[in-house]
Amino acid sequence: MTIQPPAVESILKNALQRASGRHIKGIHLVIGELVNMTDESIRLSWNSIAKGTLAEGATLHIRRVPAELQCMACFQKYHPDSAEFFCPRCGSVGAKVITGEEFSVETVDLE
């Protein structure tokens with residue numbers, strides 16, 4: 001038995017609720033750049049977890065959202081260049097994530 005990431009399980013649950021008993025052809029996901037899962041790992045988990053459900057065989061369409069941070073010292077908005085979030089203007093490490101942590105179902109295509 002393979003243990004699936006909870007995020008992928010939540011995709012299935014959300015899609016099945018939206019489908020209301022109809023077969024699911026595709027699912028459009030919005031995933032932030034900072035989410036620590038590759039598209040490939042999401043698809044592999046999906047193929048395993050969707051077996052035997054109304055979502056089996058559904059295609060995942062993944063739209064990645066770039067990360068945007070805001071420095072808490074000087075309020076500069078910026079895209080992080082690495083895993084360490086240093087403000088390019090003032091060098092501060094304190095930042096608020098504006099975008100990049102999304103992980104949600106945008107739409108579900110039904111038959």
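Keep in mind it's a predicted model, so treat the numbers as computed, not measured. Count residues from 1 along the sequence. Computed from heavy atoms alone, side chains included, the values below leave out hydrogens, waters and symmetry copies.
- Atom CZ of residue Arg22 and atom CG of residue Leu16 lie 13.0 Å apart, to the nearest 0.5 angstrom.
- When every heavy atom of Ala58 is checked against every heavy atom of Trp46, the shortest pair comes out as O-NE1, 3.4 Å.
- Two different hydrophobic clusters hold Val93 and Val97 under the rule that ILVMFWY side chains link at heavy-atom gaps under 4.5 Å.
- Here the CD1 atom belonging to Ile31 is positioned 12.5 Å from the CD atom belonging to Glu33, to the nearest 0.5 angstrom.
- Considering CG of Leu54 and NZ of Lys25, their distance stands at 14.5 Å, rounded to 0.5 Å.
- By the rule that hydrophobic residues join a cluster once side-chain heavy atoms approach within less than 4.5 Å of another member, Val30 and Ile24 end up as members of separate clusters.
- Ala15 and Ile27 make their closest contact through CB-CD1, 3.5 Å (heavy atoms, listed as atom of the first residue, atom of the second, distance).
- In this structure, a donor-acceptor pair under 3.5 Å is absent between the side chains of Arg43 and Asn47.
- Here the shortest heavy-atom pairing between Gly94 and Ser92 reads N-OG, 3.3 Å.
- Put simply, Leu60 and Val8 are part of the same group of oily side chains (I, L, V, M, F, W, Y) that touch within less than 4.5 Å, one to the next.
- Hydrophobic clustering keeps Ile62 apart from Val65 (ILVMFWY residues linked when any side-chain heavy atoms are closer than 4.5 Å, directly or through intermediates).
- With values rounded to the nearest 0.5 angstrom, Ser45 atom OG is found 9.0 Å from Glu9 atom CD.
- Shortest non-hydrogen contact noted between Met37 and Ala7 is SD-CB, 4.4 Å.
- Counting heavy atoms from C-beta outward, Phe86 and Leu69 have side chains that stay 4.5 Å or more apart.
- Note: His28 NE2 to Glu106 CD = 8.0 Å, rounded to the nearest 0.5 Å.
- Thr99 places a side-chain N or O within 3.5 Å of a backbone atom of Glu68 that can act as its donor or acceptor partner.
- Considering NE2 of His61 and CG of Asp39, their distance stands at 12.5 Å, rounded to 0.5 Å.
- The neighbour count for Glu111 CD, taken as heavy atoms of other residues, nucleotides or ligands under 6.0 Å away, is above 12.
- Counting only distance, with no hydrogens or angles, the side chain of Glu56 and the backbone of Ala50 share no donor-acceptor pair below 3.5 Å.
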Decide yes or no on side-chain contact (heavy atoms from CB on, under 4.5 Å) for Lys96 and Met72, but give the supporting numbers first.
CA-CA 7 Å; Lys96 175 182 176 183; Met72 298 308 292; 3.5 Å; yes
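- Inter-residue side-chain proximity for Cys71 and Cys90 is flagged as met; some heavy-atom pair is nearer than 4.5 Å.
- Under a hydrophobic clustering in which Ile, Leu, Val, Met, Phe, Trp and Tyr are joined whenever their side-chain heavy atoms come within less than 4.5 Å, directly or via other members, Tyr78 and Ile98 fall into different clusters.
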